[in-house]
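Structure first, then comments.
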Amino acid sequence: MSDPELRIGLFGRGRLAAAIVEAAQSAGTPLAWQVGRDEVPGGPADVAIDASVAGAVEAHLDWALATGTDLVIGTTGWSMPGLGARVGGRIGVLSASNFSLAVALMARLATVLGRFAALDPARDPYLFEHHHRLKADAPSGTAKTLAAALLAGCPRKTEWTLGPAEPHQLSVGVLRAGAEFGTHTVGLDAPAEVVELTHRARSRAPFAEGALGAARWLRGRKGCFTMDDLAREVLDPLFNFGGTP
Ligand SMILES: NC(=O)C1=CN([C@@H]2O[C@H](COP(=O)(O)OP(=O)(O)OC[C@H]3O[C@@H](n4cnc5c(N)ncnc54)[C@H](OP(=O)(O)O)[C@@H]3O)[C@@H](O)[C@H]2O)C=CC1
Ligand SMILES: O=C(O)C1=N[C@H](C(=O)O)C[C@H](O)C1
């Protein structure tokens with residue numbers, strides 16, 4: 001979707017940022033500015049997108065609050081207790097470990113898979129992800145989001161762990177090799193059958209296009225949001241199977 005009126009600022013000059021620049025050019029959405037490490041935004045923007053590093057996110061939020069600029073955070077590996085109170089409805093902030101709408105769908109299906117596992121203790125849920133060897137964080141932000149979604153459906157699993165798991169833990173596997181853009185699988189191992197659901201990105205285009213979509217959606221909203229808020233309108237109707245309400 002073209003939106004020449006939307007002024008977008010971009011924190012980061014790496015792989016995701018490059019894909020966002022390309023997607024913005026294709027969409028006819030010019031960038032107001034792009035900054036890397038030790039650079040300062042050169043002017044106003046309606047929405048800034050953070051595609052940088054975990055350690056820089058807090059400073060970018062401070063900048064957004066000080067300038068009244070809405071902020072889309074795509075960077076992973078950070079945590080900020082009290083983010084909602086800090087934002088306090090002054091600007092809009094949307095954070096997303098993954099900008100793909102298909103991954104937002106997968107998160108909902110992960111909760112359903114968790115609920116299905118909860119019906120029978122012999123159904124053992126699991127999760128694994130594969131990313132390029134240069135990725136800084138592990139497990140991926142998306143893996144954490146999907147794990148939380150699966151745990152929400154399966155009360156006997158109360159946390160995730162890397163590698164071997166206690167009965168109350170969800171086992172998460174991580175692979176870092178090659179140039180893989182991002183593959184995530186949620187699965188369920190039962191005595192006589194296996195269910196798996198995999199999302200595999202073929203490029204960074206779904207992340208970049210999703211980041212621009214998130215910026216358009218966020219403009220003018222106040223408070224803290226996630227991809228689930230953005231996706232609700234599209235995804236909720238897909239879970240209506242025609243039963244009585
Ligand atoms: N939400 C989503 O859909 C997706 C999220 N991601 C996440 O996005 C982040 C970036 O990934 P990727 O592009 O592959 O990583 P890169 O390492 O390729 O890029 C990070 C960039 O941020 C720069 N940087 C460092 N400090 C600052 C700063 N203070 N201000 C601005 N820029 C800074 C780095 O510069 P320098 O090299 O000088 O350090 C580098 O250019 C990761 O957290 C990744 O997990 C990635 C893909 C999709
Ligand atoms: O670093 C990446 O490349 C990616 N990071 C995000 C994550 O941590 O989940 C999203 C995507 O998987 C690619």
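Numbering of residues begins at 1 and proceeds along the displayed sequence. Counting starts at 1 for both ligands and their atoms, following the listed order. Since this is a predicted model, take the numbers as computed values, not measurements.
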- Task: Enter the distance from Arg108:CZ to Arg232:CZ here, rounded to the nearest 0.5 Å.
- Result: 6.5 Å

- Item | Geometric N/O contact Thr142 with ligand 2, under 3.5 angstrom | yes

- Item | Atoms in ligand 1 flagged as close to Ala56, the criterion being non-hydrogen separation under 4.0 Å | 28 (C), 29 (N)

- Task: Decide whether His60 and Glu58 meet the rule of one side-chain donor and one side-chain acceptor closer than 3.5 Å.
- Result: no

- Taking non-hydrogen atoms only, is Ala211 closer than 4.0 angstrom to ligand 1 via side chain, backbone, both or neither? neither

- Message: For the residue pair Arg200 and Phe181, would you count it as a cation-pi contact if the rule is NZ or CZ under 6.0 angstrom from the ring centre and within 45 degrees of the ring axis?
- Response: no

- Query: Which part of Val35 is near ligand 1, with near meaning a heavy atom under 4.0 Å away: side chain, backbone, both or neither?
  - Reply: backbone

- Query: Is Trp33 reaching over with its side chain to a backbone N or O of Gly9, donor-acceptor style, under 3.5 angstrom?
  - Reply: no

- Note on the structure: atom 31 (C) of ligand 1: of Gly36, Ser140, Gly182, the nearest heavy atom sits on Gly36

- Identify whether the distance between the nearest side-chain nitrogen and carboxylate oxygen of Lys144 and Asp137 falls below 4.0 Å. no

- Identify which of Ser52, Gly12, Ser100 has a heavy atom lying nearest to atom 20 (C) of ligand 1. Ser52

- Query: Tell me: protein heavy atom nearest atom 3 (O) of ligand 1, and distance?
  - Reply: Phe99 N, 2.9 Å

- Task: Before signing off on this row, confirm whether Gly74 and ligand 1 have an N or O atom pair separated by under 3.5 Å.
- Result: yes

- Query: Does the separation of the ring centres of Trp160 and Tyr126 fall below 6.0 angstrom?
  - Reply: no

- Message: With a heavy-atom distance limit of 4.0 Å, tell me whether Lys135 approaches ligand 1 through its side chain, its backbone, both, or neither.
- Response: side chain

- Atom indices of ligand 2 within 4.0 angstrom of Phe181 heavy atoms, with elements: 3 (O), 13 (C)

- Query: Where do Val53 and Thr75 come nearest, in terms of heavy atoms and distance?
  - Reply: C-CG2, 3.4 Å

- With heavy atoms and a 4.0 Å threshold, my read on which part of His131 contacts ligand 2 is side chain

- Message: Pairs of nitrogen or oxygen atoms closer than 3.5 Å, one from Gly14 and one from ligand 1: do any exist?
- Response: yes

- Do Arg204 and Arg15 have side chains that get closer than 4.5 Å, going by heavy atoms? yes

- Message: Would Thr75 count as a polar contact of ligand 1, with the cut-off being nitrogen or oxygen pairs under 3.5 Å?
- Response: no

- Counting heavy atoms only, which of Ala143, Pro206, Gly141 is nearest atom 7 (C) of ligand 2? Gly141

- Within-shell test, Glu129 vs ligand 2, heavy atom, strictly < 4.0 Å: no

- Mind checking whether His132 has a heavy atom under 4.0 Å from ligand 2? yes

- Task: Would you mind finding which of Thr76, Val53, Val72, Asp38 brings a heavy atom closest to atom 44 (C) of ligand 1?
- Result: Thr76

- Message: If you scan the protein for heavy atoms around atom 41 (O) of ligand 1, do you find one that is closer than 4.0 Å?
- Response: yes

- Out of Ile49, Leu10, Val40, Leu16, whose heavy atom is nearest to atom 47 (C) of ligand 1? Leu16

- Given that the side chain starts at C-beta and the backbone is N, CA, C, O, which of these parts of Phe207 lies under 4.0 Å from ligand 2, counting heavy atoms, or is it both or neither? side chain

- Top protein contact for atom 15 (O) of ligand 1, by heavy-atom distance: Arg15 NH2, 3.6 Å

- Note on the structure: Of Gly182, Ser97, Ser140, the residue with the heavy atom nearest atom 10 (C) of ligand 2 is Ser97

- Task: For ligand 1, indicate whether the residue Arg204 contacts it via side chain, backbone, both or neither (heavy-atom separation under 4.0 Å).
- Result: neither

- Measure from NZ or CZ of Arg219 to the centre of the six-membered ring of Trp217, then state whether that distance is under 6.0 Å and the direction lies within 45° of the axis. no

- Message: Tell me the protein heavy atom at minimum distance from atom 39 (O) of ligand 1, and give that distance in Å.
- Response: Arg37 NH2, 2.5 Å

